[in-house]
Amino acid sequence: MSAFFSKVSVIGLGYIGLPTAAVIASRGVEVVGIDVSEHAVNTINQGKIHIVEPDLDMLVQAAVTTGKLRASLIPEPAQAFMIAVPTPFKENKSPDLSYIRTAIENIAPVIEKGNLIVLESTSPVGTTEQIAQWLNELRPDLKVPMDHSDAADIFIAHCPERVLPGRVLQELVSNDRIIGGITPRCAEKAKSLYELFVRGECLQTHARTAEMAKLTENAFRDVNIAFANELSLICDKLKINVWELIKLSNRHPRVNILSPGPGVGGHCIAVDPWFIVDSAPELAKLIRSAREINDSKPHYVIEKVKAAADQFKRPVIACLGLAFKADIDDLRESPALDIAEHLINDNVGEVLLVEPNIKQLPKRLSQHNDKLTTLPQALERANVLVVLVDHRQFKALHINEVAAKVVIDTRGIFG
């Protein structure tokens, strides 16, 4: 156990915060997780989980049973505070930092001299320094770190999460981490925290560079997905099988085209590039174009479904998948969910929703819970199938099972 961190507090017990808290607790450190959801807190304190992630249930149960992990609605003192709250964007695509601000306001009264505050939430450049300014206002009795000065009572750093849903527990430990401090001492302090559980390399830099690194990683992927999505539109017009085209093109030793889809979802790739655009709107031309291409893809899919539905007197449309990627329950920024919602609201026909990883629809569609159905029921009733997510249950389908239906396959599971 590190001499510096006998107790760690994780603020936000979602898809990143809870696995992080459980992994640190498994290293013998006392961890208290803070969340605004009473349901989440009560569930975790029973040794159970409120999200879907492989093996997380066993890790949380073990950590709670040994007394190393507990959850609370109320912040309490700790040596380190890790902030893992949402950072969505507003309607005008500008960053919404209100969750981070609220987290800082909540922990400010219990922060003590020598404490470390690490922002894990993916954030626009300058957010970590903004935290220092907020704490300077909230706790004027404490000296906050400033550039070119080591005279500080507390340490503030940014270490963006970079894990893949479905592999979070492995990647939390194995992936390299970029640790950006407001000062080198802040980065060093944060590194000693992450070395408790990270086997990958911990790379130190400035907070602004760490913030930009995470945005850059996701913008790079977004641009490449946009190329694939634009290619799929062109192939559709030219009557070329885009999946075969990509497979053949990728035989070139220096070509690696990604797979197109119904859009781009999730809390990272669909959001983070806008933070770069917001920071430098006159310069981020390619990044903006890629975002616009990927954001427009769901509308293209909706029009294809409407055209297919017009072939039937009573169209019954089955949307296969609502999550933002395969084999998870995460619906954040999901293009599949947006497509399904539009089809229902536009009265295109009877819409059946198949999502094997959830038991009820999110609040925005909760009045349509009767539309959530099983795959066998959907196959029996639907005349139009729209493959929106390549869940393993859908990939197991044989082409003969859907031969009598109009199939719109946005994921290429039928080649």
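Values below: all heavy atoms of this structure, side chains included; hydrogens, waters and symmetry mates excluded.
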Quick check: does any side chain N or O of Ser334 sit under 3.5 Å from a backbone N or O of Leu331, one acting as donor and the other as acceptor? no
For the residue pair Pro260 and Ala228, what are the closest heavy atoms and their distance?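 Of all heavy-atom pairs spanning Pro260 and Ala228, the closest is CB-O, 3.6 Å.
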How close do Gly14 and Ile51 get, heavy atom to heavy atom, and via which atoms? O-CD1, 3.5 Å
Do Arg208 and Glu129 sit within salt-bridge range, that is, some charged N less than 4.0 Å from a carboxylate O? yes
Salt bridge Lys371-Glu350, side-chain N to carboxylate O under 4.0 Å: no
Would you say the side-chain atoms of Asn175 pair up with the backbone N or O of Val163, donor to acceptor, closer than 3.5 Å? no
Could you give me the CA-CA distance, side-chain angles and deciding distance for Phe275 and Ser94, then say whether side-chain contact (heavy atoms from CB on, under 4.5 Å) is met? CA-CA 7 Å; Phe275 293 171; Ser94 65; over 6 Å; no
Is any NZ, NE, NH1 or NH2 atom of the basic residue among Glu105 and Arg101 found under 4.0 Å from an Asp or Glu carboxylate oxygen of the other? yes
State whether the side chain of Asn383 and the backbone N or O of Val316 hold a donor-acceptor pair below 3.5 Å, judged by distance alone. yes
Quick check: do His50 and His39 have side-chain heavy atoms less than 4.5 Å from each other?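 In contact.
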May I ask you to test the Tyr15-Asp329 pair for a side-chain heavy-atom distance under 4.5 Å?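 Heavy-atom side-chain distance check passes, below 4.5 Å.
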Check: Lys143 main-chain N/O paired with Asp153 side-chain donor or acceptor under 3.5 Å: yes
Does atom NE2 (His368) have a neighbourhood of more than 12 heavy atoms from anything else shown, all under 6.0 Å? yes
Atom CD1 of residue position Ile74 - does it have more than 12 heavy atoms of other residues, nucleotides or ligands inside 6.0 Å?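 No, because the 6.0 Å sphere around CD1 of Ile74 holds 12 heavy atoms or fewer from other groups.
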Is there side-chain contact between Val168 and Leu56, with at least one heavy-atom pair below 4.5 Å?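 A side-chain contact under 4.5 Å is absent here.
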Take Asp338 and Arg364, measure what salt bridge (Lys or Arg N to Asp or Glu O under 4.0 Å) needs, and give me the verdict at the end. CA-CA 10 Å; Asp338 288 340; Arg364 61 194 259 200; 2.5 Å; yes
If you look at every heavy atom in Asp176 and Glu201, which pair is closest and at what distance? OD1-N, 2.8 Å
Please lay out, stage by stage, how Val242 and Leu233 fare under the test side-chain contact (heavy atoms from CB on, under 4.5 Å). CA-CA 9 Å; Val242 70; Leu233 305 182; over 6 Å; no
Atom pair NE2/NE2 of His206 and His158 - distance to nearest 0.5 Å: 12.0 Å
Separation between CH2 of Trp243 and OG of Ser259, rounded to the nearest 0.5 Å: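 So the CH2 of Trp243 and the OG of Ser259 are separated by 5.5 Å.
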Any donor-acceptor pair under 3.5 Å linking the side-chain atoms of Lys297 with those of Asn229? yes
For the backbone of Asp330 and the side chain of Lys325, can you confirm whether one donor and one acceptor N or O come within less than 3.5 Å of each other?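 Between the backbone of Asp330 and the side chain of Lys325 there is no qualifying donor-acceptor contact (under 3.5 Å).
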Assess, by modelled atom type and distance only, whether the side chains of Gln170 and Ser174 contain a donor and an acceptor separated by less than 3.5 Å. no
Counting only heavy atoms not in Phe312 (residues, nucleotides, ligands), do more than 12 fall under 6.0 Å from its CZ?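 Correct, the count exceeds 12.
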Taking atom CD of Gln360 as the centre, does the number of heavy atoms from other residues, nucleotides or ligands within less than 6.0 Å exceed 12? no
Counting heavy atoms not belonging to Glu292, are there more than 12 under 6.0 Å from its CD?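 Yes, the 6.0 Å shell around CD holds more than 12 heavy atoms from other groups.
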Would you mind reporting whether Pro184 and Gln204 have side-chain heavy atoms less than 4.5 Å apart? no
When every non-hydrogen atom of Ala157 is compared with those of Cys186, the smallest separation belongs to CB-O, 4.1 Å
Pair Val406-Leu385, side-chain contact (heavy atoms from CB on, under 4.5 Å): steps then yes or no: CA-CA 6 Å; Val406 175; Leu385 286 183; over 6 Å; no
Strictly distance-based, threshold 3.5 Å: is any side-chain N or O of Asn357 a donor or acceptor partner for the main-chain N or O of Ile328? yes
Report yes if the side chains of Pro298 and Pro262 come closer than 4.5 Å at any heavy-atom pair, otherwise no.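 Side-chain contact under 4.5 Å: no.
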Starting at CD1 of Ile11, measure out to CG of Asn106 and round the result to the nearest 0.5 Å.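 The CD1 atom of Ile11 sits 8.0 Å away from the CG atom of Asn106.
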Any side-chain heavy-atom pair of Ile111 and Leu135 under 4.5 Å: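 Yes, their side chains come closer than 4.5 Å.
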Using modelled atom types only, decide if a donor and an acceptor are shared between the side chain of Gln46 and the backbone of Thr43 within a distance under 3.5 Å. no
Tell me, do Leu353 and Ile344 make a side-chain contact under 4.5 Å, heavy atoms counted?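 A side-chain contact exists here, since the closest heavy-atom pair is under 4.5 Å.
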Return each pair, listed once, that meets side chain to side chain donor-acceptor pair (under 3.5 Å) where at least one residue sits in residues 108-128; pairs must be two or more places apart or across chains.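 Checked against side chain to side chain donor-acceptor pair (under 3.5 Å) - neighbours excluded - the pairs reaching residues 108-128 are Glu120-Arg177, Glu120-Tyr194, Thr122-Lys214, Thr128-Glu211.
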Examine distances only and state if a side-chain atom of Asn369 and a backbone atom of Ser366 form a donor-acceptor pair shorter than 3.5 Å. yes
Rounded to the nearest 0.5 angstrom, the SG-CG distance for Cys319 and Leu352 is 8.5 Å
More than 12 heavy atoms from other groups under 6.0 Å of CD on Glu380: no
Do you know the tightest heavy-atom contact between Leu169 and Pro54?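 Distance-wise, the nearest heavy atoms are CD1-O, 3.6 Å.
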Walk me through it: do Val384 and Lys405 pass the test side-chain contact (heavy atoms from CB on, under 4.5 Å)? CA-CA 6 Å; Val384 178; Lys405 307 180 188 302; over 6 Å; no
Can any side-chain N or O of Glu161 pair as donor or acceptor with the backbone N or O of Ile16 at less than 3.5 Å? no
Could you check whether atom NZ of Lys7 has more than 12 heavy atoms from other residues, nucleotides or ligands sitting under 6.0 Å from it?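 Yes, because the 6.0 Å sphere around NZ of Lys7 holds more than 12 heavy atoms from other groups.
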Looking at Ile34, Ile49, Asp35, which hits side-chain contact (heavy atoms from CB on, under 4.5 Å) with Leu13?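 Option passing the side-chain contact (heavy atoms from CB on, under 4.5 Å) with Leu13: Asp35.
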I'd like to know if Asp346 and Lys306 make a salt bridge, using a cut-off of under 4.0 Å between side-chain N and carboxylate O.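 Here Asp346 pairs with Lys306 in a salt bridge, since their nearest N and O are under 4.0 Å apart.
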Less than 4.0 Å between a side-chain N and a carboxylate O, is that true for Asp222 and Arg291?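 The answer is yes: the pair qualifies as a salt bridge.
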Is there a side-chain contact between Leu388 and Arg411 (heavy atoms, below 4.5 Å)? no
Just verifying a value: how many Å separate Arg162 CZ and Leu172 CG, rounded to the nearest 0.5 Å? 12.0 Å
Val387 and its side-chain contact (heavy atoms from CB on, under 4.5 Å) partner, picked from Asp409, Val354, Ile408: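 The option that passes is Asp409.
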Is it true that, when you exclude Phe197 itself, more than 12 heavy atoms of the residues, nucleotides or ligands shown sit nearer than 6.0 Å to its CZ? yes
Look up atom OG1 in Thr66 and atom CD in Glu30, then write down how far apart they are to the nearest 0.5 Å.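 That separation rounds to 11.0 Å.
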Verify, without hydrogens or angle tests, whether Thr216 (side chain) and Met212 (backbone) share a donor-acceptor contact under 3.5 angstrom. yes
Return the minimal non-hydrogen interatomic distance between Gly321 and Ala336, and the atom names on each side.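 Answer, listing the atom of Gly321 first, then Ala336: O-CB, 3.5 Å.
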